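Just so it is clear: chains get the letters A, B, ... in the order the sequence lines come, proteins before strands, and each one is counted from 1. All figures in this text were calculated on a predicted structure; none of them were measured in a lab.
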2 protein chains.
Amino acid sequence: MSEIDDDGLGRGAPEEPQADIYDEEGSIRHDFLTMVGAAIADRDVIFLRQNVAKLHESELGHLIEAIQPDQRLAMIRLLGADFDMTALTEVDEAIRMQIVDQMPNAQIAAAIGDLDSDDAVYILEDLEDEDREEILAQLPFTERVRLRRALDYPESSAGRRMQTEFVAVPPFWTVGQTIDYMRDEEDLPETFTQIFVIDPTFKLLGVVNLDRILRTKRQVKIETIMHETNHPIPAKMDQEEAAQLFEQYDLLSAAVVDENERLVGVLTIDDVVDVIQEEAEEDLLRLGGVGDEELSDSIAETSRSRVPWLAVNLLTAFLAASVISLFEATIQEIVALAVLMPIVAGMGGNAGSQTMTVTVRALATRNLDIHNAYRVVRREAGVGLLNGVVFGIMIGVIAGLWFQDVNIGGIIATAMLINMMAAAIAGILIPLALDRFGADPAVASSVFVTTVTDIIGFFAFLGLATWWFM
Amino acid sequence: MSEIDDDGLGRGAPEEPQADIYDEEGSIRHDFLTMVGAAIADRDVIFLRQNVAKLHESELGHLIEAIQPDQRLAMIRLLGADFDMTALTEVDEAIRMQIVDQMPNAQIAAAIGDLDSDDAVYILEDLEDEDREEILAQLPFTERVRLRRALDYPESSAGRRMQTEFVAVPPFWTVGQTIDYMRDEEDLPETFTQIFVIDPTFKLLGVVNLDRILRTKRQVKIETIMHETNHPIPAKMDQEEAAQLFEQYDLLSAAVVDENERLVGVLTIDDVVDVIQEEAEEDLLRLGGVGDEELSDSIAETSRSRVPWLAVNLLTAFLAASVISLFEATIQEIVALAVLMPIVAGMGGNAGSQTMTVTVRALATRNLDIHNAYRVVRREAGVGLLNGVVFGIMIGVIAGLWFQDVNIGGIIATAMLINMMAAAIAGILIPLALDRFGADPAVASSVFVTTVTDIIGFFAFLGLATWWFM
C-alpha cells in the first residue's frame with residue numbers, strides 16, 4: 001500500500017507478517033532453511049534477494065545463526081549490497097566475529113555507512129584496533145567523528161549505546177516552524193519519539209514529545225511546551241544505571257549529554273531493553289557459575305571459562321572433606337553417620353541457595369537497601385528457624401526409624417536445625433557484605449554460602465555424634 | 001516554564017530532577033524519610049502536598065515501601081485527592097493489598113477513575129471479587145465497560161496489560177485533518193507514539209508513527225503513509241509471548257486486537273519492560289528454588305512457600321543416602337571413602353548446574369532449538385569429558401597424596417570423570433526434556449540434575465572402591 005519502508009515501529013519493519021519464517025515453536029521453519037540452503041548452493045541471488053534480503057534484521061540474524069557456519073559468509077556475499085548489516089548486531093558475538101573477520105574492510109565500511117550510529121558502534125567495538133581504524137578511515141568525515149566520539153566513551157557506558165542522530169531545535173521556534181522543518185529536512189533519524197531543545201552551543205534546554213507537538217497550535221513557541229527535566233544521562237554513566245532510569249521513569253528515549261551538559265546523542269528504549277535482558281541474564285549465569293559464554297563457543301573455550309568456578313569449588317570441597325576427616329574414628333564406629341551426613345549438608349545448601357537467590361535479586365533490583373535490610377535479615381533468620389524445626393523433626397523421625405536409633409534421630413534433627421539457621425544467615429549476610437564491599441554478589445555468594453553450609457553441616461552432625469556417642 | 005504537566009516522557013514526569021530524594025546508593029535519603037515521618041506525625045498536609053504529592057509515581061512507590069507500615073495509610077489519607085494512585089502499581093503486592101484493603105471502596109473508585117486503564121486493571125485484578133464489583137459499579141459507564149473488558153481477558157494476557165485509550169482515525173483522512181483533530185480533541189491518551197487506522201467497525205487497517213505524520217505534507221492521505229503490519233497482538237496472547245515480539249522487532253507500542261481483528265487497546269513498551277523483568281526474575285528465582293515471594297512477605301508465608309522445594313530435595317537426599325548405605329561395609333573398612341565421597345558428588349553437582357543454567361537460559365531466550373540442539377549437546381558432552389579429565393587428575397593426585405594411597409587416587413579420578421560426564425549430559429538433556437514435555441525447565445531441572453550427580457557420584461566412587469578393595 002505504501003512505497004515508504006522506513007516508517008516501521010522498529011528500524012525498517014518487514015512488509016510481510018513475521019509469522020512466515022517461524023514455526024509454532026518459534027524456531028525457523030525447516031522448509032525455509034532447506035530452501036535458503038539450496039539457494040546458497042545454487043548461487044540463486046534472485047531467491048535470496050526476494051526472500052532473505054527483506055527479512056527484519058532480527059529474523060535475518062536468526063537465519064544466520066540457524067544455517068551451517070560455512071553457508072553464512074556465502075549468503076552474505078551473494079546478497080552483496082542487499083545485506084542488512086544491522087542483522088549482525090542480533091547474532092552471537094562469536095558468530096559476528098567470524099563473519100566480520102572474513103569480510104573485506106572496504107565492504108564493512110560501505111555497509112556501516114548506512115547503519116544507525118549505535119549499531120555501527122556495536123559492530124566496530126569488537127574489532128581489532130587496526131581493522132577498526134582502517135574502516136573508520138574509509139567513512140565520510142562527519143560520520144567518522146561521530147563514531148569515534150561514541151567509541152571514546154568507556155565500554156558499557158551510555159555513550160557507547162547512544163545514537164548520535166537526533167532532531168534538535170532552538171527554543172524560539174514555533175510548533176509550525178518545527179513541523180515545516182521536519183517536512184523539508186531529509187537527514188532525520190529513521191524513527192524518533194521526541195525532539196530536543198538546545199541553545200547555540202548545543203546545551204540541552206528541554207525536550208518535547210511528538211504527541212505534544214501534534215496537539216499544539218502552529219503559532220505556539222517550543223519553549224512554552226518543552227519539558228525541562230528529562231533525566232539527561234551523562235555519557236559516561238554505566239548502561240545498567242541508565243537502564244534503571246528508563247525503567248523507573250518509563251522513558252522511551254533520553255538525551256545523552258557530555259560533561260558540559262551538551263547534547264551528544266540519544267539513548268532509546270530498544271537498546272535499553274537489550275541492556276535489561278543482558279543484566280538479568282548475567283545475574284542468572286553468574287549464580288549458576290558460568291560467565292559470559294555463548295552457545296556458539298567451542299568446547300575448549302567453554303571448558304576453560306568454566307574451570308575457575310569449579311576450581312574454587314574444589315578448594316571448598318576439600319575444606320569440607322577435612323572437616324569430615326576430623327571425625328574418622330566416630331564414622332568407623334557408626335557408619336550410619338556417613339550415610340546421613342550428606343543430607344544435613346545438602347539440605348543446608350539448598351536452604352542457603354533459596355535465601356541467597358532472593359537476596360541477590362533484591363540487591364540487583366534495588367529492592368533491598370538500608371531501610372529494610374534489618375527487617376529482611378530478621379525475616380530470613382525466622383524462616384531458617386521455622387524450616388529448621390520442620391525439617392529437623394521430619395529428618396529426625398525418618399533417620400531414627402531407618403537406623404532404629406532414637407539417638408541418631410535426635411542428633412540429626414539438632415544438626416539440621418543448626419545448619420538451616422546458618423544457611424539462612426549466610427544466605428543473606430554474605431551477598432549483603434559482598435555488595436557493601438563493592439563486589440558483585442552474584443559471582444561469589446554461592447561459593448561462600450555452600451562452604452558455610454557444608455562445613456557447619458558436617459561439623460554440627462559429626463561433632464554432636466562424637467560428643468554423644470564417644 | 002510550562003503550565004502543561006502531562007508532556008513528560010512517562011506519565012507525568014516530576015518537575016524537579018529525580019536526584020532529589022535519593023542518595024548515591026539509590027536509597028531514599030535518610031533526612032527526607034525523617035521529614036516525611038515528622039510531617040505524617042504532625043499531620044502537616046502542606047509539607048506533604050509540596051514534597052510528596054508531586055513525586056513521580058515510582059518515587060512515591062519507593063517512599064511508601066520505605067516508611068513504616070503504620071505510616072502508609074496515614075500519609076495516603078493526609079494527601080487525599082492529591083495522592084497519585086498509580087504509585088500503588090509500583091509497590092510490592094503485599095503492601096498494595098494491605099493499603100487497598102483498608103481504603104474505602106468509594107475512595108478507590110474516585111482515584112481509579114483518573115488512572116490509565118492498564119494501571120486501573122493492575123490494581124483491580126488483585127481485589128476480592130466483591131470489592132471489585134462495588135468499585136466498578138461506582139465508575140462511569142464507558143469506563144466500567146472498558147475495564148471489565150480488560151479484566152475478562154485471562155491473567156497475564158496482553159488484554160490484561162493493554163491500555164484501552166488510543167488514537168484511531170479513518171484511512172481517508174489527510175495528515176492535516178489528523179493533526180487538526182489532535183489539536184482540538186481533549187480526550188487523548190496522556191502520551192502516545194503512534195496512531196491507528198481503522199475502518200468503521202474498528203477493524204485494524206494499519207498504523208502510523210507520529211514522526212511519519214510530522215514529516216508528511218498536510219494534504220497527504222493517511223492510507224498512503226500507514227504501515228500495514230505492526231504485529232497486531234491477539235488480546236489472549238500471553239504477555240511473555242507479546243514481550244518477545246516487542247524485543248525482537250524493537251516495538252514501542254503495538255495494537256491489541258480481539259478475535260475479529262478489531263482494535264481493543266494498545267500495549268506499550270513501559271508495561272512490556274516490566275514483563276521482561278518479571279520473566280527474567282522468575283527464571284532466576286525458580287532455578288534458586290524460590291517461587292513468587294516478595295521481600296514484604298511474612299515469615300510464615302515465606303517459610304511455607306519454600307517448603308515444597310526443600311521437601312523434594314529431602315526425598316532425593318534420602319535417595320542418595322540409600323545409595324551410600326549399600327556400601328556401609330566398604331566405608332567401615334576404608335573411612336577415607338566417607339571423607340572423599342562428598343567431593344565427587346559436589347563437584348558433579350556444580351558442573352551439572354553450570355550446564356543446566358546455560359541450557360535453561362538458552363531455552364528461555366529461544367537461542368536453543370532443534371537446529372542447534374544436537375550441536376550443543378555434543379559440545380556439553382565434550383566439555384564434561386575435558387573438565388572430567390582435568391579435575392579427575394587434580395583430585396586424584398591430591399587425594400592420593402593425602403591418604404598416601406595410589407589406589408584411592410586412581411579410584412576417585414575415575415569416579416570424577418564418570419560423574420562430570422553424567423553431570424554434563426544430565427545438565428542439558430533434563431531441561432531439554434522438560435521443555436519438550438511442556439514443563440518449565442527452570443522449576444524442576446535442578447532437583448533432577450543434582451539427583452543424578454549425587455547418585456552417580458556416590459555409586460561410581462563407592463562402587464569402584466568396593467570392586468577394587470573388597
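With hydrogens and angles disregarded, a donor-acceptor distance shorter than 3.5 Å links the side chain of A:Arg183 to the backbone of B:Thr216. Looking only at distances, no side-chain donor or acceptor of B:Asp297 sits under 3.5 Å from a matching main-chain atom of B:Glu293. Checking side-chain atoms of A:Gln354 against main-chain N and O of B:Gly288 turns up no donor-acceptor pair under 3.5 Å. Under a 3.5 Å cut-off, the side chain of A:Ser58 and the backbone N or O of B:Gln248 do form a donor-acceptor pair. B:Ser303 places no side-chain N or O within 3.5 Å of a backbone atom of B:Ile299 that could act as its donor or acceptor partner.
Of the two parts of B:Leu287, only the side chain, counted from C-beta on, holds a non-hydrogen atom closer than 4.5 Å to a non-hydrogen atom of chain A. Looking at B:Met394, only its side chain comes within 4.5 Å of chain A, counting heavy atoms on both sides. For chain A, the nearby parts of B:Thr355 are the backbone and the side chain; heavy atoms of each come within less than 4.5 Å. Contacts between B:Glu241 and chain A at a heavy-atom distance below 4.5 Å are absent for every atom of the residue. Heavy-atom distances place no part of B:Ala364 under 4.5 Å from chain A, backbone and side chain included. Both the backbone and the side chain of B:Arg218 come within contact range of chain A, judged by heavy atoms closer than 4.5 Å.
Residue with the most contacts toward chain B among A:Gln332, A:Arg361, A:Met347: A:Arg361 (heavy-atom pairs, distance under 4.5 Å). When B:Val307, B:Leu385, B:Val323 are compared by the number of non-hydrogen pairs under 4.5 Å with chain A, B:Val307 comes out ahead. Among A:Glu281, A:Met182, A:Glu328, A:Glu185, the residue with the largest count of heavy-atom pairs under 4.5 Å with chain B is A:Glu281. Here B:Leu310 is the residue among B:Leu310, B:Ile395, B:Val335, B:Val167 with the most heavy-atom pairs under 4.5 Å with chain A. No other option in B:Leu214, B:Ile331, B:Ile343, B:Leu210 has as many heavy-atom pairs under 4.5 Å with chain A as B:Leu214. Ranking A:Gly382, A:Ser353, A:Gly349, A:Ser27 against chain B, the residue ahead of the rest is A:Ser27, based on heavy-atom pairs under 4.5 Å. Options B:His62, B:Arg306, B:Lys217, B:His30 differ in how many heavy-atom pairs under 4.5 Å they form with chain A, and the most are formed by B:Arg306. With chain A as the partner, the residue from B:Val390, B:Leu368, B:Ile398 showing the most heavy-atom pairs under 4.5 Å is B:Ile398. Interface remark: of the candidates B:Thr450, B:Thr178, B:Ile28, B:Ile28 forms the most heavy-atom pairs closer than 4.5 Å to chain A.
Within 6.0 Å of CD on B:Glu333 lie no more than 12 heavy atoms contributed by other residues, nucleotides or ligands.
With sequence neighbours left out, A:Phe192 forms a ring-ring contact (aromatic ring centres under 6.0 Å, His included) with no residue at all.
Relative orientation of the B:Phe318 and A:Trp402 rings is tilted, given thresholds of 30° and 60° on the angle between their planes.
Using modelled atom types, one finds a donor on one side chain and an acceptor on the other under 3.5 Å when comparing A:Glu59 with B:Tyr249.
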